[in-house]
Asker: 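Have a look at this one before I ask anything.
Counting starts at 1 for both ligands and their atoms, following the listed order.
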Amino acid sequence: MSTFPWHRRHILSLAEFTPGEYESVLQTALSFQGVLSRRTKKVPTLQGQVVANLFFEPSTRTRSSFELAAKRLSADTLNFSPGSSSLTKGETILDTAKTYLAMGTDLMVVRHRGAGVPATIAQELDRLGAGVGVLNAGDGQHEHPSQALLDLLTICNSLNPEQPSIVDLRGKKVAVVGDILHSRVARSNLWSLTACGAEVHLAAPPTLLPKAFAEAFSLPLETSEGTVQRQVFIHWQVDSALKNADFVMALRLQKERMSDHLLPSLREYHQRFGITRDRLRHCSPNVKVLHPGPTNRGVEITSDLMDDPQVSLVSQQVASGVAVRMALLYLMGGAQQPADKKTPPSQKTDSSQKTPSSQKTDSSLR
Ligand code: NCD
């Protein structure tokens, strides 16, 4: 599988990502995993650039890992909290973004409860000719690209720790169980997993999994690399979805996004759809379990499974998040520069051995 020169200024959705782009993100993230395993976990790649984290909605993992990723790349970071910002005085979201632009921001990471807000900011910045990349860190029920990409890295690392590649995903069965209707994580994962050749089996009560979901996400992906047939199946009972599954992704019940009573009770949900050790009998013997967090322990998954390192990839997901977000910031940062300035991190010298002053003069690392 070949990788491609990066050309996306913004990452707003994975709907049109091609297998080559997934492989590029994966291989770049693997290089950064190497960086993160060193004693000095920092490279000067984005030195002098400003990354603004505009989180208009609460977040623990995503926000912290974007901040750490930017810092590991030596960028300056700006963190925005809506409660203590001028939003409370009536400033608009676009004016907030323009304020960060005027301060010299090079990349904006945006999370908002409204679907499409990162895209609107990106459109406005393009209209202004700002040359600033926008990364969607979760917009309403729409998408959460960096979560799906860190899930991809976690899955590929688990399938082939020596030489992970998206090729290893072909023909694998991934069951996604839980509140699919409200989940941006499920939507982004549907795009990425199917584009990489995995079969995705969705399982939820009918109120949380409309029939149209399978159709909407089954459209073939046309790329210059060829056509990819996406394979999506829906199940209103969990056991058939779990049959021979290689991976099970449990999703949180997103109560904050439920406007109606969509479930009789959490207890009944757990009885019918909760991921338990007993239910994993249906899966492949080496099945691994993922959860994007935050978790309602004992509802979508039992506590003992969450904490079982033989089965659970939850900690690996969190760790993968930093490397993947470094890769995305690196690729997007580079996409704004002339192509000859870009050098993959794996080909760069080990900057941990250098003094800060020698890092400044090494232009291939910027
Ligand atoms: C998810 C989100 O915010 O969409 N969490 C995350 O980013 N790790 C999933 C969720 O909130 O359930």
Asker: Does a side-chain N-to-carboxylate-O contact under 4.0 Å join Asp307 and Arg297?
Answerer: yes
Asker: Test your reading of the structure: does Arg111 have an N or O sitting under 3.5 Å from an N or O of ligand 1?
Answerer: yes
Asker: Does the pair Asn53 and Asn79 meet the rule for a side-chain contact (heavy atoms from CB on, under 4.5 Å), with working shown?
Answerer: CA-CA 5 Å; Asn53 287 318; Asn79 286 308; 3.0 Å; yes
Asker: When the ring planes of Phe32 and Tyr330 are compared, do they come out parallel, tilted or perpendicular, using 30° and 60° as the limits?
Answerer: perpendicular
Asker: Under 4.0 Å from a heavy atom of Thr62: which atoms of ligand 1 are those, numbered in the order shown and with their elements?
Answerer: 6 (C), 7 (O), 8 (N)
Asker: Which ligand 1 atoms does Gln254 reach within 4.0 Å, using its non-hydrogen atoms?
Answerer: 10 (C), 12 (O)
Asker: Kindly identify the option in Pro292, Ala137, Gly293 whose heavy atom sits closest to atom 5 (N) of ligand 1.
Answerer: Gly293
Asker: Examine the proximity of ligand 1 to Gln141 and report which part, side chain or backbone, both or neither, has a heavy atom under 4.0 Å away.
Answerer: neither
Asker: Counting only nitrogen or oxygen atoms and a 3.5 angstrom limit, does Arg184 reach ligand 1?
Answerer: yes
Asker: A cation-pi test, strictly: NZ or CZ of Arg325 under 6.0 Å from the centre of the six-membered ring of Phe66 and no more than 45 degrees from its axis. Yes or no?
Answerer: yes
Asker: Closer than 4.0 angstrom, basic N to acidic O: yes or no for Glu67 and Lys71?
Answerer: yes
Asker: Are the charged groups of Asp239 and Arg279 less than 4.0 angstrom apart, N to O?
Answerer: yes
Asker: Can you list the atoms of ligand 1 that are under 4.0 Å from a heavy atom of His144?
Answerer: 2 (C), 4 (O), 6 (C), 7 (O)
Asker: Counting from 1, what ligand 1 atoms have a heavy atom of Arg252 closer than 4.0 Å?
Answerer: 10 (C), 11 (O), 12 (O)
